[in-house]
2 protein chains.
Amino acid sequence: MDIESMCSRKSEKSYKKGETIIQEGDSIKEFTYLKSGLVKLYRKSSGDREQIICFALPLDFVSLLSIFSEEKYNYSVTALLDSVTCSMDLNEVKMLANQNGRFATGIMQKINRATDRIILDFLEVKQRRLFGRIAYILLYFSKVIFKQQTFELPVSRKEIAEYIGMTVENVIRTLSDLRKDGIIKIYGPTIEIVDMERLERISDLS
Amino acid sequence: MDIESMCSRKSEKSYKKGETIIQEGDSIKEFTYLKSGLVKLYRKSSGDREQIICFALPLDFVSLLSIFSEEKYNYSVTALLDSVTCSMDLNEVKMLANQNGRFATGIMQKINRATDRIILDFLEVKQRRLFGRIAYILLYFSKVIFKQQTFELPVSRKEIAEYIGMTVENVIRTLSDLRKDGIIKIYGPTIEIVDMERLERISDLS
DNA sequence: ATCAAGGCGTGATAATTATCATAACGAGAC
DNA sequence: GTCTCGTTATGATAATTATCACGCCTTGAT
């Protein structure tokens with residue numbers, strides 16, 4: 001019994017871009033992963049601001065934090081692109097995990113990998129400044145998410161700001177500066193990385 | 001078979017304050033938790049700086065990130081106080097987890113709780129500025145680690161800086177400012193929180 | 001069509017933080 | 001002992017980032 005086969009007999013749900021999949025405070029009843037699309041995991045912080053924790057791609061678990069240890073979600077999930085999730089009853093998953101060690105360690109490994117990734121990315125972002133952070137997230141979208149030099153940004157400038165921990169104005173300004181320096185091109189919502197090496201250097205040099 | 005009983009027949013090691021328990025890059029052969037003392041988990045970032053990921057208390061796992069998913073540690077662990085660790089052979093733990101679902105979910109739950117804690121603390125720190133961050137970490141030491149208003153700081157100012165992502169000078173300056181405002185007292189390495197409410201207000205107001 | 005709201009973009013200014021310099025002090029090496 | 005070296009400490013200055021203010025454009029509601 002693996003995730004794939006379990007999923008086949010479980011419930012799929014579709015979400016339009018912008019729809020909320022999980023609301024902070026919801027009780028955790030299902031174990032969910034993303035089948036297609038792109039979502040953001042985020043948290044409401046004091047003063048009605050939001051902090052984006054990470055983005056999740058197809059086959060990533062959406063049930064990460066708090067699952068198996070809390071009763072209620074301490075983060076929200078919203079679709080950035082039209083998305084399909086696959087959910088299984090959490091109690092069934094827990095029972096299965098208790099009965100089947102291999103299944104349990106499989107899940108464990110996958111969740112750990114995801115949370116490790118979050119922590120390591122936080123550290124990467126933290127050691128950079130504005131320019132380095134913007135370069136880092138552009139490279140992230142280009143290399144990890146879209147695997148292309150030209151892509152349509154699935155997030156607003158505000159959401160970038162919420163991920164890297166800066167203000168919207170500075171995100172916008174920095175993108176403009178990168179454009180003025182000929183490192184990227186901006187066509188409305190799509191971004192083209194023109195000078196990949198220079199962007200990488202900026203990301204490395206903080 | 002639970003962690004406690006498994007530990008009883010496994011190897012304990014003692015470390016003096018300052019000794020390194022795990023070195024980034026070491027291959028992961030054991031599953032380790034802290035029996036007594038206090039340690040820091042940290043990572044070397046570019047430019048021989050270090051970033052502290054978290055602190056671990058007795059009964060916390062020291063094997064967190066990368067374990068079960070990587071072959072080598074991507075972080076280091078060093079004792080901040082004299083510490084004793086308890087280690088089990090990782091392959092044995094994996095085998096046991098594969099055979100025993102309850103054991104596996106138990107570990108899973110504990111690791112998840114720890115990594116969740118790290119992520120949530122990162123978010124808390126991230127949304128604050130210098131003063132708020134210093135207040136937050138002082139409250140953390142006071143409430144979580146020592147459960148006292150007066151305690152001996154187990155970390156240097158530099159290490160505080162490495163945790164909250166600021167410079168040493170600003171950490172020192174901010175502690176001085178809090179002292180001048182009568183919120184804390186500093187006797188060499190020990191700190192007394194005089195005005196807990198004010199410190200909490202500073203932590204909340206960022 | 002018109003209005004309101006929100007995202008994008010830019011400039012001026014203020015606040016925050018980093019960097020550089022310097023000094024006192026204690027611990028460990030020799 | 002004495003000499004480093006690292007930590008704590010403080011000030012002056014520079015760099016970075018946030019805040020405020022404004023205008024443009026698009027989208028959705030009425």
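What you see is a predicted model, and the numbers here were worked out from it, not measured in a lab. Each chain gets a letter, A, B and so on, in the order the sequences are listed, and its residues count up from 1.
The pair A:Lys35-A:Glu12 meets the salt-bridge criterion, with a side-chain N (NZ, NE, NH1 or NH2) lying under 4.0 Å from an Asp/Glu carboxylate O.
At distances below 3.5 Å, not a single donor-acceptor pair connects side-chain atoms of A:Arg128 with backbone N or O atoms of A:Tyr136. A donor-acceptor contact shorter than 3.5 Å is absent between the side chain of B:Thr85 and the backbone of B:Tyr33. One N or O on the side chain of B:Lys126 and one on the backbone of A:Tyr163 form a donor-acceptor pair closer than 3.5 Å. Although no hydrogens or angles enter the test, the distance criterion places a donor-acceptor pair under 3.5 Å between the side chain of B:Glu24 and the main chain of B:Lys44. Between the side chain of A:Arg179 and the backbone N or O of A:Ile186, no donor-acceptor pair lies under 3.5 Å. A distance-only check finds a donor-acceptor pair linking the side chain of B:Glu19 to the backbone of B:Lys16 [under 3.5 Å].
Remark: the A:Tyr140 side chain and the A:Asp121 side chain contain no N/O donor-acceptor pair separated by less than 3.5 Å. No side-chain donor from either of B:Gln51 and B:Tyr42 sits under 3.5 Å from a side-chain acceptor of the other. Counting only N and O atoms by type, the side chains of B:Asn170 and B:Thr167 include a donor and acceptor under 3.5 Å apart. Side-chain contact check for B:Gln23 and B:Tyr73: no donor-acceptor pair (N or O, by modelled atom type) lies under 3.5 Å.
In the helix from C:dA1-D:dT30 to C:dC30-D:dG1, the terminal helix axes, each the rotation mapping four pairs' C1' atoms onto the next four within five end pairs, subtend 40°, rounded to 10°.
In the 5' to 3' direction, nucleotides of DNA chain D lying under 4.0 Å from heavy atoms of chain A begin and end at D:dT16 to D:dC20.
Only B:Arg129, B:Leu130, listed by number, bring a heavy atom of residues 129-140 of chain B to less than 4.0 angstrom from any atom of DNA chain C. Within a heavy-atom distance below 4.0 Å of DNA chain C, no residue of residues 149-163 of chain B is found. For residues 167-191 of chain A, proximity to DNA chain D is found at A:Thr167, A:Glu169, A:Asn170, A:Arg173, defined as any non-hydrogen atom under 4.0 angstrom from a strand atom.
Atom CD of A:Glu50 and atom P of C:dG6 are 13 Å apart (whole Å).
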One pair to check against salt bridge (charged side-chain N to carboxylate O under 4.0 Å, His left out): B:Lys13 and B:Glu30. What are the steps and the verdict?
CA-CA 12 Å; B:Lys13 285 178 209 149; B:Glu30 294 185 314; 3.2 Å; yes
Going through the checks in order, is the salt bridge (charged side-chain N to carboxylate O under 4.0 Å, His left out) test met by A:Lys158 and A:Glu162?
CA-CA 6 Å; A:Lys158 181 153 166 287; A:Glu162 286 167 354; 3.3 Å; yes
How far apart are the C-alpha atoms of B:Arg117 and B:Glu124, what are their side-chain angles, what is the distance that settles it, and do they pass the salt bridge (charged side-chain N to carboxylate O under 4.0 Å, His left out) test?
CA-CA 10 Å; B:Arg117 196 64 259 142; B:Glu124 291 294 336; over 6 Å; no
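The side chain to side chain contact (heavy atoms under 4.5 Å, CB included) test applied to A:Lys72 returns A:Ser27, not counting sequence neighbours.
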